[in-house]
Amino acid sequence: MKKIKGIPVSSGIAIGNVKIVIKEKLQIERKYIKQHEIESEMIRLESSIEHVLKELDVLIDDIASSQDNRDILSTHKMILQDPELFKKIKFLIKEELLSMEHAIQQHFTEVVDLFSNMENEYYSERSSDYEDVAYRLLSHVLDQRKDILSGLNENSILIMENISPSGVARVFEKKVKGVCIERGSKNSHSSIIARSLNLPFVARVNDILKSIKEDDFIILDGTLGEIIISPDKKTIEEYTKKLDIEKKDKEKLNKIKNLETKTSDGKKIALMSNIEIPEEINQVINNNSEGIGLFRTEFLFMDKIKLPGEDEQYEIYNSIAEKISPFPLIIRTIDVGGDKISKILNIEHELNPNLGCRGIRISLEHIPIFKIQVRAILRASKRGNVKIMFPMISSCYEIVRVKSIIEECKEELRKKNISFDENIKIGAMIEIPSAAITSDTIAQECDFLSIGTNDLIQYTLAADRDNQSIEKYYLPHHPSIIKLIKMTVQNAHEKGIKVAICGEMASQPEFVSLLLGLGIDELSVSPGLLLKIKDIILHCDMRKNLKLTENILQQKTHKDIEKILKEKKG
Ligand code: PEP
Ligand code: MG
């Protein structure tokens, strides 16, 4: 028996036999053409692209296809329809006299390399979309398409170096039990699709292809991100039991999708989702989430060569607002800086980036860029379900400043006769201790508050949220954190506004009763955990939550609190 660790991408257990798939490389002759052949190569290129576009249309219209799959195929269509793509391949044919196949391969190899070398995982993983499109186009022109996944069956656990988004959808249709890849990341398109299909998936398992062979018996644990090769009898029994429990839990959780989220004694809690990229919206809707409590907009600014324009941002915000309507969409303005570095914003290298120019500070340093985002958000608010939220607020001074900027943006739109929600709700993230301590004055200026526990813990306890080696100091249940949350809730409620938690603490089952006992009105959680958190809310009772919270507030140390939470779970 041997265990290998990777990263957990999509939870769930798979027990079965290994099927290794090595993506076949298409054989492309690196051929040059003569001057008089340019015209015919151009015609071949146009008709090949047209053919593949039609093929994609058929796949998109296939009613058996999932919404996620359709969205990915539409993205692939957009790649093929990009005039820049066409122009560049044409250039290689015309100026460098490459054959059409050679030109397509050369162009896509460059784009794939460009994306894969980007530091940001989200963008580096976009390379697999381009690989997918290139494979589809080239296998059409070379008439070499083979279904590399044809050998899969219902017992297989697929092992690959990497998998394309359409590959995930295809293996799901073949009913494979799970997927493990050597490369990949949590936020790739492929990973997003795996999560929305609930397909157990582990990524970044180093040397997995060297460690196993075809038909090996393995266990894939998508929750822990682990592969167990040749498990012993005891481990198989343990995992068979876990699998059985998992199946029953899933059936149970699916049944609560349509229920209203309230405690057993009737207190309504708005349960919403956090998203980082637009593609996550489908999973959010599938789970009947009551809105998006945090839409992080950093993806628009990371690893880009040019700043996103107002129209581009508007299209994205508007399409999500439309999809989630009538539920709210809370858009958080850029929060780059700290660990999220955007090259286009020219942020100077800082010695302590987490204590440097990040969050709202960046927006206030780059007001024209900030106003573009605010106007795009305002335009998307015309349906009335969009709210705007600001990160890293340290006192009400910054809220007053951003409110005056919002007013300027409103005026600019009015002048152009562009409609928006005149009463758009404004919120502040409470994620710096100074903001929690002065939340009474911040609440006076806001329509809602949302506590970002990820940063609140980091700044209160002086413990870097990304540093694994000091993990033991990063404590959501430290008495100071609980007191700051309580103070924020009291101040907000005194001013008659609601408070949400959008940090990871809301997605951790062990803290739900405590947070509700502290008076939190809304929880915004990671989409994959929404139903689990909903189940906990449905089963808890506010009287018990309040009692638990009172007890916890009396405790001196996080160890005492840990004990109480453990006993409760007991
Ligand atoms: C937080 O700090 O809790 C939060 C939700 O914001 P982010 O994780 O994006 O910093
Ligand atoms: Mg934060």
Going by atom type alone, with no hydrogens or angles, which donor-acceptor pairs under 3.5 Å involve a side-chain atom of residues 440-448 and a protein atom two or more places apart or on another chain?
{"unit_1": "T441", "atom_1": "OG1", "unit_2": "T438", "atom_2": "O", "d": "2.9"}
{"unit_1": "E445", "atom_1": "OE1", "unit_2": "K403", "atom_2": "NZ", "d": "3.0"}
{"unit_1": "D447", "atom_1": "OD2", "unit_2": "I426", "atom_2": "N", "d": "2.7"}

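- In the model, T261 has no side-chain atom that pairs as donor or acceptor with a side-chain atom of K268 under 3.5 Å.
- Y317 and Q313 share a donor-acceptor pair across their side chains, judged by distance under 3.5 Å alone.
- What you find for G384 and D421 is that their closest heavy atoms are CA-OD2, 3.9 Å.
- The only member of R375, K371, K416 that meets salt bridge (Lys or Arg N to Asp or Glu O under 4.0 Å) when paired with E310 is R375.
- Surrounding NZ of K532 are at most 12 heavy atoms belonging to other residues, nucleotides or ligands under 6.0 Å away.
- Considering every non-hydrogen atom in both S127 and V112, the closest pair reads CB-O, 3.7 Å.
- Between H493 and G519, the shortest heavy-atom contact is CE1-O, 3.1 Å.
- Considering L515, V525, L294 as possible partners of I501, the one that fulfils the side-chain contact (heavy atoms from CB on, under 4.5 Å) test is L515.
- Among all heavy-atom pairs drawn from E422 and R414, the shortest one is OE1-NH2, 2.8 Å.
- None of C502, P391, S450 except one satisfies the side-chain contact (heavy atoms from CB on, under 4.5 Å) rule with R332; the exception is P391.
- I181 and E161 get closest at one heavy-atom pair: CB-O, 3.6 Å.
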Checklist entry - Does the pair V179 and F172 meet the rule for a side-chain contact (heavy atoms from CB on, under 4.5 Å), with working shown? => result CA-CA 10 Å; V179 177; F172 179 73; over 6 Å; no
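- Counting heavy atoms of neighbouring residues, nucleotides and ligands inside a 6.0 Å radius, atom OH of Y473 does not exceed 12 of them.
- With hydrogens and angles ignored, the 3.5 Å screen pairs a side-chain donor or acceptor of R204 with a backbone N or O of G184.
- Applying the salt bridge (charged side-chain N to carboxylate O under 4.0 Å, His left out) test to pairs two or more places apart or on separate chains, none has a residue in residues 484-512.
- Side-chain polar atoms of N491 and T488 form no donor-acceptor pair below 3.5 angstrom.
- Both cation-pi conditions hold for R379 and Y314: the charged atom is under 6.0 angstrom from the six-membered ring centre and inside a 45 degree cone around its axis.
- In this structure, a donor-acceptor pair under 3.5 Å is absent between the side chains of N354 and R465.
- Applying the 6.0 Å contact sphere to NZ of K483 captures no more than 12 heavy atoms from other residues, nucleotides or ligands.
- Taking a 6.0 Å sphere around CD of E408, one finds it holds more than 12 heavy atoms contributed by other residues, nucleotides or ligands.
- Smallest separation of non-hydrogen atoms from P476 and I457: CA-CD1, 3.5 Å.
- E562 is linked by a salt bridge (charged side-chain N to carboxylate O under 4.0 Å, His left out) to K559, counting only residues two or more places apart in sequence or in another chain.
- Salt bridge K5/D221: absent, no basic N to carboxylate O contact under 4.0 Å.
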